[in-house]
There are 2 protein chains.
Amino acid sequence: MELLIKKIKNEGKVLSESVLKVDSFLNHQVDPELMFEIGKEFAARFKDDGVTKILTLESSGIAPAVMAGLQMNVQVVFARKRKSLTLVNDLLTANVYSFTKQESNEISVSQKFLKEDDRILIIDDFLANGQAALGLAQIVKQANATIAGMGIVIEKGFQDGGSHLRENGYKVESLAIVDSLADGKVTFRQDKVEETAQ
Amino acid sequence: MELLIKKIKNEGKVLSESVLKVDSFLNHQVDPELMFEIGKEFAARFKDDGVTKILTLESSGIAPAVMAGLQMNVQVVFARKRKSLTLVNDLLTANVYSFTKQESNEISVSQKFLKEDDRILIIDDFLANGQAALGLAQIVKQANATIAGMGIVIEKGFQDGGSHLRENGYKVESLAIVDSLADGKVTFRQDKVEETAQ
């Protein structure tokens, strides 16, 4: 997605060979116009997949997920990372380890929002080792619902989450795939293809 | 806001005299179409207030805030409740006590996203005792920016946050004001006015 790649090029900050900071438009400050376009793009890529509901994970998944839900005319559920006092019964849960934060979170979704006949589109801001996506998938399976696909804003193509999920048969659509953060530079998969084509 | 009040009447669950559960459209499952209308309503109510940026709090504030940002053509910043490893320097922080969760959270915003000449609209899903709004206001003040107003989706009119904030001179716009949750029933401020008028 050209607009997103341009934004990453202009505003993304490479903190290390594995950490890309995009807090000016995605996960701290949020660019609503860009999120709107991202929602449109997800809607286009999953238009034939019979999506009945979107599942994401708080907090950074919410903006792109809600914009996709707006375009696709479906409700959005966000999994919580901690239980709240008003949300305790009939929870579907999974454990997700975050390498960035070096901690494990139990994520949970109220059972009543995922039905057996639902076709769930999982949306998240980042895909690296796939822990979050797998945790969300586990929750969908507990509900006996179907995973229609996974929509990712930024995939770290140099980590194995994406290939692992695709090998397991999931339709994974990433709007930008970063193949390397070496030498403080963001290299996109698209760039590589272009270079090869030259 | 009629659409929101109708939604609360149809789907809100009164858990006690102080707890209203709206997890089917606002803070667990999210209704994107309703959020879009909420964004439009906030944009209308603050159209003359020179808003340059929206500040909210993860996670339930994000959806209404991003929709308002889309309508008002401004960026949205969400304060975080925990520090992440990639967000550690130059933080503006405040302590917020949640009576619902019975815990205190340090909320934080990266300094670089709030400028002195910014006019900040604070948006949140709920206003009860006003702790979250006051914490966000404290952060805006630390940045020497101006608070243009506060937009609240649901205000618990029987708790003192709203009157406290208004007494302190803030423009507070709540899209639904719940005056009572007594007897398992949601009474809106509007209902009361109508009853008085009869």
Side-chain angles (χ1 to χ4, degrees), chain A residues 13 15-16 19-25 27-36 39 53-87 91 98-103 105 108-110 112-114, chain B residues 13 15-16 19-25 27-36 39 53-87 91 98-103 105 108-110 112-114:
Chain A
K13 289 197 182 80
L15 296 193
S16 72
V19 179
L20 172 66
K21 196 171 179 176
V22 288
D23 65 346
S24 71
F25 61 90
N27 49 25
H28 185 27
Q29 182 165 261
V30 179
D31 182 336
E33 190 63 47
L34 177 65
M35 293 304 123
F36 187 75
K53 194 162 277 195
I54 291 171
L55 177 64
T56 187
L57 183 57
E58 66 178 355
S59 289
S60 302
I62 295 174
V66 170
M67 288 301 184
L70 185 70
Q71 297 291 334
M72 303 176 84
N73 204 21
V74 298
Q75 302 289 300
V76 174
V77 176
F78 62 86
R80 292 196 166 274
K81 284 179 184 159
R82 287 185 301 179
K83 293 172 200 169
S84 85
L85 284 191
T86 59
L87 177 74
L91 289 181
S98 164
F99 288 93
T100 319
K101 298 189 179 175
Q102 293 169 27
E103 63 181 22
N105 279 119
S108 61
V109 172
S110 191
K112 65 183 169 186
F113 295 126
L114 301 180
Chain B
K13 288 196 183 80
L15 295 195
S16 73
V19 179
L20 172 66
K21 196 170 180 178
V22 288
D23 65 348
S24 72
F25 59 90
N27 49 26
H28 185 27
Q29 181 166 263
V30 179
D31 182 336
E33 191 62 46
L34 177 65
M35 293 304 127
F36 186 76
K53 194 162 278 193
I54 292 170
L55 177 64
T56 188
L57 182 58
E58 66 178 354
S59 290
S60 304
I62 295 174
V66 170
M67 288 301 183
L70 184 70
Q71 297 290 335
M72 303 176 84
N73 204 21
V74 297
Q75 302 291 300
V76 174
V77 176
F78 62 88
R80 292 197 167 273
K81 284 180 185 160
R82 287 185 300 180
K83 294 174 199 169
S84 85
L85 285 189
T86 60
L87 177 76
L91 289 181
S98 164
F99 289 93
T100 319
K101 298 192 180 175
Q102 292 170 29
E103 64 181 22
N105 278 119
S108 61
V109 172
S110 192
K112 64 184 170 185
F113 295 126
L114 301 181

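Within every chain, numbering begins at 1; the chains are lettered A, B, ... in the order of the sequence lines, protein sequences first and strands thereafter.
Interface summary for chain A: among B/I54, B/I62, B/V30, the most heavy-atom pairs under 4.5 angstrom belong to B/V30.
Both the backbone and the side chain of A/S24 come within contact range of chain B, judged by heavy atoms closer than 4.5 Å. Neither the backbone nor the side chain of B/S16 has a heavy atom closer than 4.5 Å to any heavy atom of chain A.
Partners of A/E33 by side chain to side chain contact (heavy atoms under 4.5 Å, CB included), not counting sequence neighbours, listed by chain and number: A/D31, A/F36, A/E37, B/L70.
Residues in residues 59-75 of chain B take part in these side chain to side chain donor-acceptor pair (under 3.5 Å) pairs, two or more places apart or across chains: A/E58-B/S59, A/S59-B/S59, A/R80-B/S60.
Of the N and O atoms on the side chains of B/Q29 and A/K112, not one donor lies less than 3.5 Å from an acceptor on the other residue.
When all heavy atoms of B/V77 and B/F113 are compared, the closest pair comes out as CG2-CB, 3.8 Å.
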